[in-house]
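To keep things clear, I will list the structure first and then write my remarks on it.
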Amino acid sequence: MKNRSLTELSAGLKSGEFSSVELTQYFLQRISNYDTDLNAFITVTEEQALSAAKVADEKIAAGSATDLTGIPIAYKDLFCTEGVRTSCASKMLDNFIAPYTATAVEKLTQAGMPMLGKTNMDEFAMGSSNENSFYGAAKNPWDLERVPGGSSGGSAVAVAAKLAPVSLGTDTGGSIRQPASLTGITGIKPTYGRVSRFGMIAYASSLDQGGVFASSAEDCALVLQTMSGFDAKDSTSVERGVPDFSASLNDSLQELKIGLPKEFFDEGLDSNVADVVNEAIEAYKKLGAEIVEISLPNTHLAIPSYYVIAPAEASSNLSRFDGVRYGYRCDEPKDLTDMYMRSRGEGFGSEVKRRIMTGTYALSAGYYDAYYLKAQKIRRLISEDFKQAFENVDVIMGPVAPETAFKIGEKSDDPISMYLSDIYTLSLNLAGLTGMSVPAGFSRENKMPVGLQIIGNYFDEAKILNVAHQYQQVTDWHKKMPSAYAGEK
Amino acid sequence: MEWETVIGLEIHAQLSTKSKLFSGSSTEYGQQPNTQANVVDLAMPGVLPVLNTEAVRMATLFGLAIDAPIGRGNVFARKNYFYPDLPQGYQISQFDKPIVELGHMDILLENGETKRIGVTRAHLEQDAGKSLHKDYAGMTGIDLNRSGTPLLEIVSEPDMSSAKEAVAYMKKIHALVQYLGINDGNLQEGSFRCDANVSVRPKGQKELGTRAELKNINSFRFVERAINIEVERQIDIIEDGGKVVQETRLYDPDKNETRSMRSKEEANDYRYFPDPDLLPIEITDEFIETVRATMPELPQAKYQRFMAEYALTDYDAGVLTTSRAVADYFEEVAKSTNEAKLSANWVIGELSSHLNADDLEISQSPVSAEMLSSLVSRIADKTISGKIAKEVFQALWAGEGKTADEIIESKGLKQITDSGAIEGMIDEIVASNPAQVEQYRSGKEKVFGFFVGQVMKASQGKANPAQVNELLKDKLKE
């Protein structure tokens with residue numbers, strides 16, 4: 001069952017070949033078999049999943065099912081789910097159960113998707129390796145000694161090892177695309193404002209966006225379709241129609257103009273990764289696309305700009321975790337200051353504290369202009385680069401990450417080197433555009449998966465899904481599975 | 001040395017919206033703790049603020065009323081600081097792009113001149129919750145009912161040069177926001193409160209002295225006293241060779257003193273930045289015109305109209321238009337009785353002194369406009385005299401009846417206008433006081449008062465005084 005697309009699963013459910021309860025049990029069994037090694041899940045919600053599957057089966061029997069009814073899903077553990085712990089992979093929220101559900105989750109639940117559980121991640125979505133988790137690192141199913149990427153590592157691992165047919169993640173600086181690339185699956189980060197952020201615990205509000213991990217662009221399209229759209233509870237969600245993402249999947253790529261930013265193919269890019277990406281570009285040529293070299297001249301400013309803006313917003317967003325109303329509170333505080341200092345000192349991990357301090361500094365009197373305002377100016381320059389590029393091309397392509405999955409612990413003591421993993425993904429968040437990672441092959445050197453990044457213009461999700469789908473019609477990289485998980489235990 | 005005082009006020013007016021600035025919770029006052037705080041007010045993880053557009057309308061109305069430009073792309077900013085009753089860890093406020101820009105308010109000085117006070121800006125922000133330090137055995141209780149309530153912070157230029165001017169300005173703003181229907185004017189409940197920035201400088205000096213900020217004063221009287229005491233304190237310091245430090249001070253009304261809360265060095269760095277959860281508020285010309293069309297009559301216009309329409313004196317019109325509630329009350333009485341001057345006298349006189357004595361707002365008056373109308377009508381049609389009317393008013397105030405007629409009836413206070421009856425009483429009194437009659441007729445006209453008194457006494461005050469006068473004069477001539 002794990003090798004079927006969502007459309008095939010839906011067909012199987014509707015034809016009565018198997019029930020949603022059976023399908024859900026199948027994935028719960030795989031979680032039980034494999035997750036001890038992988039650590040993709042923080043919480044497995046077996047009971048809720050099975051009771052939702054039962055309801056889904058009734059809907060299917062009654063003929064009121066959607067294309068997603070009965071197909072189980074996993075959620076990154078920062079999507080609030082009523083009655084189920086939402087930890088953000090932090091000691092701070094280890095005991096937190098939200099009395100509400102994130103809008104994106106709510107929409108998929110309404111569509112009849114049972115929730116398998118909540119997946120591992122870097123604490124408060126801060127990290128590129130999933131090592132910054134209170135619940136321990138998630139492992140890359142292609143090599144358990146390597147990271148799956150982050151911050152949505154657990155959601156990527158769940159799909160890569162087929163512990164779930166589909167999952168949700170969030171992408172603030174590459175947190176969907178980079179783990180998708182490192183684990184060899186398909187992931188899409190929609191345009192900022194396409195998906196409601198209500199109920200998604202914020203890291204950096206102006207950059208965060210929920211998206212999908214799945215085995216193919218076609219599967220991504222189905223789930224993204226349902227979770228998109230304006231939400232009155234999120235003022236930054238955009239009031240505009242959601243086109244049918246699946247309808248244009250089969251459009252021809254003849255005369256498609258693909259821009260390759262020369263800044264994405266610089267000396268920082270691992271040659272093995274470059275080879276895979278270039279091969280994918282060749283495949284696009286065969287599909288009739290025209291390749292144009294372009295320039296995004298301010299790309300080198302994306303990291304410094306991002307690492308001012310995101311921590312600045314985070315320093316404020318995370319102020320609410322003060323030990324007063326919910327979450328972790330230190331034992332026997334002496335007074336208010338002691339309660340604040342120890343609750344936050346003990347409740348947050350070191351990367352979170354590092355970013356809170358960086359952000360607080362960047363917003364401080366006397367530094368605001370030099371850091372925060374300047375970073376915002378760079379952000380506009382980066383958006384302008386993309387705007388000009390999209391005047392000449394339909395999509396932009398390049399690598400997702402400069403290298404394949406690195407070893408666990410390899411970069412833990414070197415935050416700067418860790419931050420560089422996001423060099424090709426950050427600028428897209430700063431501009432607010434949509435982007436995907438599509439499996440494009442494996443590194444000759446270490447046999448780890450490599451993703452191709454496809455960047456679309458604002459609200460051009462349908463276009464990049466089409467571009468990804470056409471590639472997946474002529475290649476089978478997205479069908480490769482790590483052998484250790486390809487069978488059944 | 002002669003000193004000059006410089007004062008600027010920051011007024012926090014709670015906007016009378018039904019729900020909060022960024023959440024759907026009710027803003028009603030005095031409810032059980034934490035019953036009016038939803039997940040947004042509690043700042044649960046992942047929840048987001050959604051702007052209440054009614055607050056934007058109210059702020060715009062205020063801006064138009066003080067002749068200020070409305071910020072077309074005004075922006076919400078986060079003011080970051082930790083406090084247990086500030087659930088988000090930041091207050092959503094406005095920083096460099098407020099909704100209301102520079103406007104002005106004219107105040108009347110004691111010498112009769114008008115002075116224009118600049119209103120630097122007014123901006124929207126959330127109120128915090130409350131920390132309750134009593135009754136929790138050494139712990140602090142948090143009540144978040146007020147958390148997220150919309151405030152309009154109205155910041156003046158440092159244009160006032162005495163405590164009296166500051167109070168006059170505060171009163172004008174207080175009246176205005178009520179006229180506009182955007183604030184309930186309730187100082188006790190904290191719906192209208194103010195911070196005063198006070199400094200002194202030698203007369204004639206250009207640059208400002210170091211200021212102290214007096215926090216959270218919620219009565220007109222305390223504002224005046226707090227400023228005066230602070231000015232004295234600052235002058236004493238300077239005259240003793242010291243220096244005023246920039247700090248935040250708290251006024252203690254019981255001790256009538258101000259004391260330091262925190263110095264500039266201890267002041268928070270609020271790290272303001274635009275709130276990424278909220279878009280800039282785009283205000284269109286069309287929106288402004290829609291709001292302008294709903295602008296109610298403002299105090300100055302009402303004052304002019306009262307003089308023209310009701311032939312009131314400058315003084316009466318001034319007093320009656322200080323608050324919209326008083327003006328509305330008066331107008332209701334005047335319209336239903338067609339006795340503007342008499343109505344004005346009763347509102348300014350008897351009613352106001354009763355309200356003052358019991359410390360009540362006009363909205364809380366036990367004598368409604370309808371009840372006072374019934375009383376004024378009975379005075380006008382001579383059913384009762386002005387003197388008896390005071391007795392009737394007292395009875396109405398005490399809740400002894402719903403209308404003047406009911407009281408007049410039950411107490412038998414109807415004025416005697418039957419000249420036959422009055423004549424009978426006069427005849428009797430004239431007959432039984434021959435000596436006084438003799439005195440009067442010999443030219444001692446002061447004795448006339450004695451006769452009037454006797455007649456009124458005999459009638460238990462109910463005889464129509466004008467008739468008594470007239471008939472007495474006739475009888476005594478005989």
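Below, chain A is the first sequence line, B the second, and so on; all start at residue 1.
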Point to revise | Test item: Pro84(B) and Met339(A) side chains (from C-beta on) under 4.5 Å apart, heavy atoms | key: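 No. Closest side-chain heavy atoms not under 4.5 Å.
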Against chain B, label [X] side chain, backbone, both or neither, depending on which of its atoms sit under 4.5 Å from a heavy atom there.
| X | result |
| --- | --- |
| Leu336(A) | side chain |
| Phe79(A) | neither |
| Ala204(A) | neither |
| Ala98(A) | neither |
| Ala312(A) | backbone |

**Study point:** Portion of Val39(B) that has a non-hydrogen atom of chain A nearer than 4.5 angstrom
**Key:**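 For Val39(B), the side chain is the part near chain A, not the backbone.
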Below 3.5 angstrom, are there any donor-acceptor pairs between chain A and chain B, and if so, which atoms and how far apart?
from	atom 1	to	atom 2	distance (Å)
Tyr100(A)	OH	Pro45(B)	O	2.4
Arg197(A)	NH1	Asp277(B)	OD1	3.4
Arg197(A)	NH2	Asp277(B)	OD1	3.0
Gly199(A)	N	Gly46(B)	O	2.7
Ser205(A)	OG	Asp277(B)	OD1	3.3
Ser235(A)	OG	Pro49(B)	O	3.2
Ser316(A)	OG	Arg78(B)	NH1	2.9
Ser316(A)	OG	Asn80(B)	OD1	2.8
Asn317(A)	OD1	Arg78(B)	NH1	2.8
Asn317(A)	OD1	Arg78(B)	NH2	3.0
Arg320(A)	N	Gln88(B)	O	3.4
Arg320(A)	NH1	Met44(B)	O	3.0
Arg320(A)	NH2	Tyr90(B)	OH	3.0
Arg325(A)	NE	Leu42(B)	O	2.8
Arg325(A)	NH2	Pro87(B)	O	2.9
Tyr326(A)	OH	Ala43(B)	O	2.5
Tyr340(A)	OH	Tyr83(B)	N	3.3
Ala365(A)	N	Asp269(B)	OD2	2.8

Taking every heavy-atom pair that is under 4.5 Å apart, which of [options] has the most such pairs with chain A?
| options | result |
| --- | --- |
| Leu144(B), Leu48(B), Leu279(B) | Leu48(B) |
| Ala43(B), Pro45(B), Gly46(B), Pro87(B) | Pro45(B) |
| Leu278(B), Leu86(B), Leu42(B) | Leu42(B) |
| Pro276(B), Gly89(B), Pro49(B) | Pro276(B) |

